[in-house]
Visitor: 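Here's a structure for you.
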Amino acid sequence: MSEDIAEKAEQPLLFDILKTQLLIQSREVSRQIEKRHRRFIKWLAAQGYSWNDLRLQLGQIAVVSSLAGALFLMPAPTAITDNTRSPPPVVAQTNKDEQAIQLSELLKNLTNDNFSTNQATLINNIQQVIGIKTAMEIDGIKLNINFGFMGAEQHLYRYPGDNLANHLKNENDWLMYGPSGIAPGLGAWGYWTQSKESFTPQMEQQEKYYVAVQTFLSPNWETDYKKMYDWFKYRKVMVINPKNGKIAIAVIGDAGPSSWTGKVFGGSPELMHVLGLGEGPRKGETIILFVDDPDNKIPLGPQSDIKVLPAQTKQVEGGKNG
Amino acid sequence: MAKSFYDLFFNKEELLEEIGLKQLKTEEKTTIANLVEEILQNKILNFIISRLSFENQKEFALLVMSQKGEAVTSFLKHKLPLVENEIKTLVINYKHELSLMVQQIIEKGAS
């Protein structure tokens with residue numbers, strides 16, 4: 001702005017008018033905030049805080065300047081294929097029926113308390129019955145939890161200009177997945193791509209079958225969050241509903257939910273439907289395991305169900321990529 | 001050296017100079033700088049909150065109120081990976097808006 005012009009003005013006049021206009025602007029900004037964030041401000045008040053408290057407290061947060069430049073800058077998106085290098089899944093040809101019954105029994109009786117003692121059996125049985133190698137830990141990295149409540153998430157913006165209509169291809173999609181809506185903000189990894197033209201069917205599948213996990217609570221997160229951010233991005237997982245045996249392969253597409261929600265995972269609208277959790281309270285207990293798929297051969301989406309049968313029943317359906 | 005969160009995006013004194021308000025008296029500068037600072041802080045916070053789901057808004061607020069600096073930056077980095085550049089753009093746009101406002105006042109005063 002030109003100082004020459006500024007010098008021509010009477011300083012008191014400039015100051016008075018500018019001050020008045022800024023006061024008007026300030027009130028207008030406050031009014032917009034109150035209107036737009038009514039629910040959040042109400043929640044803040046219930047916690048004993050105001051919007052101004054939050055604004056001022058944010059200003060008190062210290063940031064190390066040497067990191068400042070790179071504080072929020074994200075590394076370039078990484079390749080979608082997993083970087084694990086373990087051997088491909090091996091399907092056992094023997095004792096499959098027995099394994100299937102065990103798996104059925106295991107799922108039926110699994111609880112948060114007994115999960116850790118049964119996890120090795122679970123992983124072994126899944127590989128034998130489903131033919132997919134899963135793991136609780138890959139590259140020394142694990143989730144904070146593998147068994148717990150999953151809640152319904154919304155669709156995510158996949159590229160700039162994306163909207164809900166782009167996610168829904170027909171009337172059936174509108175009926176089933178339209179009511180879920182689209183999240184107002186981007187997922188933890190931002191857009192999948194920067195334009196509609198560069199949007200691929202693979203990306204479409206990833207948004208369709210994504211989970212939100214509490215990456216920020218992973219025991220590895222604090223050690224190197226930049227590395228963890230990349231590692232978790234679109235990491236392939238198996239999601240199991242132990243109550244009905246429904247299984248899907250998905251990717252980690254968002255971070256959440258918050259600890260106090262009582263839920264530990266989130267699932268995309270399509271994923272919740274596949275798991276039989278798309279109606280009613282739209283939440284339920286699920287198991288999430290990493291999929292060991294270094295060649296990225298296992299497709300996303302539903303797998304054949306495991307029939308969670310009453311005890312003594314032997315018929316179990318299983319199969320790869322069903 | 002530690003900076004405050006908003007210092008990453010603007011410095012109120014420098015901002016006044018950038019928009020051509022060097023010539024104001026010290027106390028006038030302070031008044032204008034404080035108003036501009038409050039408006040920009042509100043705009044930045046509004047921008048962040050607008051981009052978060054309600055659940056994430058709550059999580060963000062609790063982290064801020066508990067002064068968990070690292071957790072806040074980690075949270076923003078994770079939830080809003082593009083937020084740094086977007087806030088910078090917001091600040092640049094507001095500076096431009098302020099410059100125009102100052103220019104209009106000066107031109108009207110001079111005419």
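Naming: A, B, ... by sequence-line order, numbering from 1 per chain. Keep in mind it's a predicted model, so treat the numbers as computed, not measured.
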Visitor: Among A:G185, A:G187, A:A255, which residue has the highest count of heavy-atom pairs closer than 4.5 Å to chain B?
Guide: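 Ranked by contacts with chain B, first place is A:A255.
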Visitor: Is the side chain of A:Q57 donor-acceptor paired with the backbone N or O of B:Q67 at a distance under 3.5 Å, no angle test?
Guide: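 Looks like no, no N/O pair under 3.5 Å.
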Visitor: Within the 4.5 Å heavy-atom criterion, are B:Y6 and A:R55 side-chain neighbours or not?
Guide: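 Yes, at least one pair of side-chain atoms sits under 4.5 Å.
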Visitor: Relative to chain A, which segment of B:L98 carries a heavy atom at a distance below 4.5 Å: side chain, backbone, both, or neither?
Guide: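 It is the side chain, since no backbone atom gets that close.
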Visitor: In Å, rounded to the nearest 0.5 Å, how long is the span from CD1 of B:I105 to NZ of A:K19?
Guide: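 B:I105 atom CD1 to A:K19 atom NZ measures 13.5 Å (nearest 0.5 Å).
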Visitor: Under 4.5 Å, counting heavy-atom pairs only, tell me which of B:A61, B:S53, B:S50 racks up the most with chain A.
Guide: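 Top count of heavy-atom pairs under 4.5 Å with chain A: B:S50.
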Visitor: Evaluate the criterion side chain to side chain donor-acceptor pair (under 3.5 Å) for residue pair A:W51 and B:N42; output intermediate values, then yes/no.
Guide: CA-CA 9 Å; A:W51 175 274; B:N42 268 325; 2.7 Å; yes
Visitor: Under 4.5 Å heavy-atom distance to chain B, tell me which part of A:A183 shows up: side chain, backbone, both or neither.
Guide: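 Contact with chain B is absent: no heavy atom of A:A183 under 4.5 Å.
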Visitor: Out of curiosity, B:E37 CD to A:S26 OG, how far, rounded to the nearest 0.5 Å?
Guide: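 So the CD of B:E37 and the OG of A:S26 are separated by 11.5 Å.
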Visitor: Chain A: which of B:V36, B:L52, B:L45 shares the most heavy-atom pairs with it under 4.5 Å?
Guide: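 Answer, by heavy-atom pair count under 4.5 Å with chain A: B:L45.
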Visitor: Find the one option among B:K79, B:M65, B:R51, B:Q57 whose heavy-atom pairs under 4.5 Å with chain A are most numerous.
Guide: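 Between B:K79, B:M65, B:R51, B:Q57, the count favours B:M65.
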Visitor: Can you tell me which portion of B:E86 sits under 4.5 Å from chain A's heavy atoms? Options are side chain, backbone, both or neither.
Guide: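 It is neither, since no heavy atom gets under 4.5 Å.
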Visitor: Can you tell me how far OG of A:S258 sits from CZ of B:F60, rounded to the nearest 0.5 angstrom?
Guide: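 If I round to the nearest 0.5 Å, the distance is 12.5 Å.
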Visitor: Have a look at B:V64 and tell me which of A:D53, A:L56, A:I61 forms a side chain to side chain contact (heavy atoms under 4.5 Å, CB included) with it.
Guide: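 Result for side chain to side chain contact (heavy atoms under 4.5 Å, CB included) with B:V64: A:I61.
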Visitor: Checking heavy atoms, do the side chain of A:W221, its backbone, both or neither come under 4.5 Å from chain B?
Guide: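 Contact with chain B is through the side chain of A:W221 alone.
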Visitor: Could you go step by step and tell me if A:L18 and B:I32 meet the side-chain contact (heavy atoms from CB on, under 4.5 Å) rule?
Guide: CA-CA 8 Å; A:L18 186 58; B:I32 298 297; 4.0 Å; yes
Visitor: Can you confirm whether more than 12 heavy atoms, excluding those of A:K208, are under 6.0 Å from its NZ atom?
Guide: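 Open: at most 12 neighbouring heavy atoms sit under 6.0 Å from NZ of A:K208.
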Visitor: Are there residues of residues 30-43 of chain A that reach to under 4.5 Å of chain B by heavy atoms, and which ones?
Guide: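 The list, in residue order, reads A:S30, A:I33, A:R36, A:H37, A:R39, A:F40, A:W43.
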Visitor: Can you tell if the side chain of A:Q60 reaches within under 4.5 Å of the side chain of B:F5, non-hydrogen atoms only?
Guide: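 Of all side-chain heavy-atom pairs linking B:F5 with A:Q60, none is under 4.5 Å.
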Visitor: Within the supplied structure, the quantity of interest is the number of heavy atoms (other residues, nucleotides, ligands) at a distance under 6.0 Å from A:K283 NZ; does it exceed 12?
Guide: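 No.
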Visitor: Top residue by heavy-atom pair count (under 4.5 Å) with chain B, among A:L22, A:N52, A:L58, A:L186?
Guide: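 The option with the most such pairs is A:L58.
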Visitor: How close do A:G190 and B:P81 get, heavy atom to heavy atom, and via which atoms?
Guide: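 Looking at all heavy atoms of both residues, the closest pair is N-CG, 3.6 Å.
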Visitor: With rounding to the nearest 0.5 angstrom, report the CD1 to CE distance, A:I17 to B:M101.
Guide: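 Rounded to the nearest 0.5 Å, the CD1-CE separation comes out at 11.5 Å.
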Visitor: Which one wins on heavy-atom pair count under 4.5 Å against chain A: B:I48, B:L35, B:T31, B:I49?
Guide: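 Looking at each option in turn, the highest pair count goes to B:I49.
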Visitor: As a quick check of understanding, evaluate side chain to side chain donor-acceptor pair (under 3.5 Å) for A:Y225 and B:E70, giving each step before the final call.
Guide: CA-CA 11 Å; A:Y225 66 82; B:E70 278 186 30; over 6 Å; no
Visitor: So, using salt bridge (charged side-chain N to carboxylate O under 4.0 Å, His left out) as the criterion, who are the partners of B:E55 when residues are at least two apart?
Guide: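 Per chain and number, B:E55 pairs via salt bridge (charged side-chain N to carboxylate O under 4.0 Å, His left out) with B:K58.
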Visitor: Just wondering, do A:F216 and B:E59 contact through their side chains at under 4.5 Å, heavy atoms?
Guide: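 The answer is yes, as the side chains (C-beta and beyond) meet within the 4.5 Å cut-off.
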Visitor: Relative to A:Y229, does B:K77 satisfy both conditions: NZ or CZ under 6.0 angstrom from the six-membered ring centre, and within 45 degrees of the ring's axis?
Guide: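 Yes, cation above the ring, under 6.0 Å and within 45°.
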Visitor: A:Q25 vs B:Y94, test: side-chain contact (heavy atoms from CB on, under 4.5 Å). Steps then yes/no.
Guide: CA-CA 11 Å; A:Q25 200 175 62; B:Y94 184 64; 2.4 Å; yes
